[in-house]
Each structure stands twice: as structure tokens, then as C-alpha cells.
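Data block below; observations after.
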Amino acid sequence: MALHMLGKDPNSPDGKSPTVYFDDATDNYVLQGWKVKDPERLAQMDIPEHETVIEFPRRMMQFFPEVNGGGTDA
């Protein structure tokens with residue numbers, strides 16, 4: 001498995017998050033973002049124990065190849 005970093009949030013104050021990765025073994029994206037902790041928001045979702053929820057800004061969509069016209073060959 002190899003994770004390929006596709007892009008980091010250009011507006012991140014510390015340059016660490018959010019980030020978009022592509023996993024070439026699973027053909028899936030891996031997203032790093034802000035953990036959602038607000039109980040009111042979480043109560044509106046049915047989240048299985050083995051999953052988590054992150055918040056991810058719209059401006060980061062540019063890093064997905066399907067959006068920016070590129071392939072998934074990261």
C-alpha cells in the first residue's frame with residue numbers, strides 16, 4: 001500500500017490539515033480533517049462504532065482528480 005498526498009489546505013494556519021491522500025492499493029481516498037465533536041451535529045448522523053466523522057472544507061475539492069481533470073495516478 002502506498003498513500004499519495006494529493007494536496008494540503010492552502011489556508012491551513014499551520015500547514016498540517018486538512019489533507020487529501022490517495023491509496024493506490026484500495027483505490028480510495030483518505031481524508032485528514034478536523035474531528036467533529038459537536039453533539040448536536042453528530043446526533044443527526046448514524047455513525048457506526050468503527051467509523052469517525054471529519055469536517056472537510058469545500059475548497060479542498062480541487063485536489064480530487066475527478067474534479068480537477070486529472071487521473072488517479074498520483
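- In this structure the side chain of Thr19 never reaches within 4.5 angstrom of the side chain of Phe63, judged on heavy atoms.
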Do Ile47 and Thr52 pass the side-chain contact (heavy atoms from CB on, under 4.5 Å) test, and can you show the C-alpha distance, the side-chain angles, and the key distance before you say yes or no? CA-CA 7 Å; Ile47 306 163; Thr52 192; 5.9 Å; no
Scan the side chains in residues 34-43 for donor-acceptor partners under 3.5 Å anywhere in the protein, sequence neighbours excluded, and list what turns up.
from: Asp38; atom 1: OD1; to: Glu40; atom 2: N; distance (Å): 3.4
from: Arg41; atom 1: NH1; to: Glu55; atom 2: OE1; distance (Å): 3.0
from: Arg41; atom 1: NH2; to: Glu55; atom 2: OE1; distance (Å): 3.1

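- Residues Val67 and Phe56 share a hydrophobic cluster, clusters being chains of Ile/Leu/Val/Met/Phe/Trp/Tyr side chains in contact below 4.5 Å.
- With sequence neighbours excluded, the residues satisfying side-chain hydrogen bond (donor to acceptor under 3.5 Å, both in side chains) with Ser12 are Asp14.
- Residues Asp9 and Pro57 meet the side-chain proximity criterion, which asks for heavy atoms closer than 4.5 Å.
- Using a 4.5 Å cut-off on side-chain heavy atoms (C-beta onward), Gln32 and Pro18 make no contact.
- Partners of Pro48 by side-chain contact (heavy atoms from CB on, under 4.5 Å), not counting sequence neighbours, listed by chain and number: His50, Glu51.
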Show your working on ring-ring contact (aromatic ring centres under 6.0 Å, His included) between Tyr21 and Tyr29 and close with a plain yes or no. CA-CA 6 Å; Tyr21 299 91; Tyr29 293 103; over 10 Å; no
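- In this structure, Pro65 and Leu6 approach most closely via the heavy-atom pair CD-CD1, 4.0 Å.
- In this structure, the side chains of Met60 and Val20 come closer than 4.5 Å at one or more pairs of heavy atoms.
- Tracing side-chain contacts under 4.5 Å through hydrophobic residues (I, L, V, M, F, W, Y), one never reaches Val53 starting from Leu31; they form parts of separate clusters.
- At a threshold of 4.5 Å between non-hydrogen side-chain atoms, the residues Asp27 and Phe22 count as touching.
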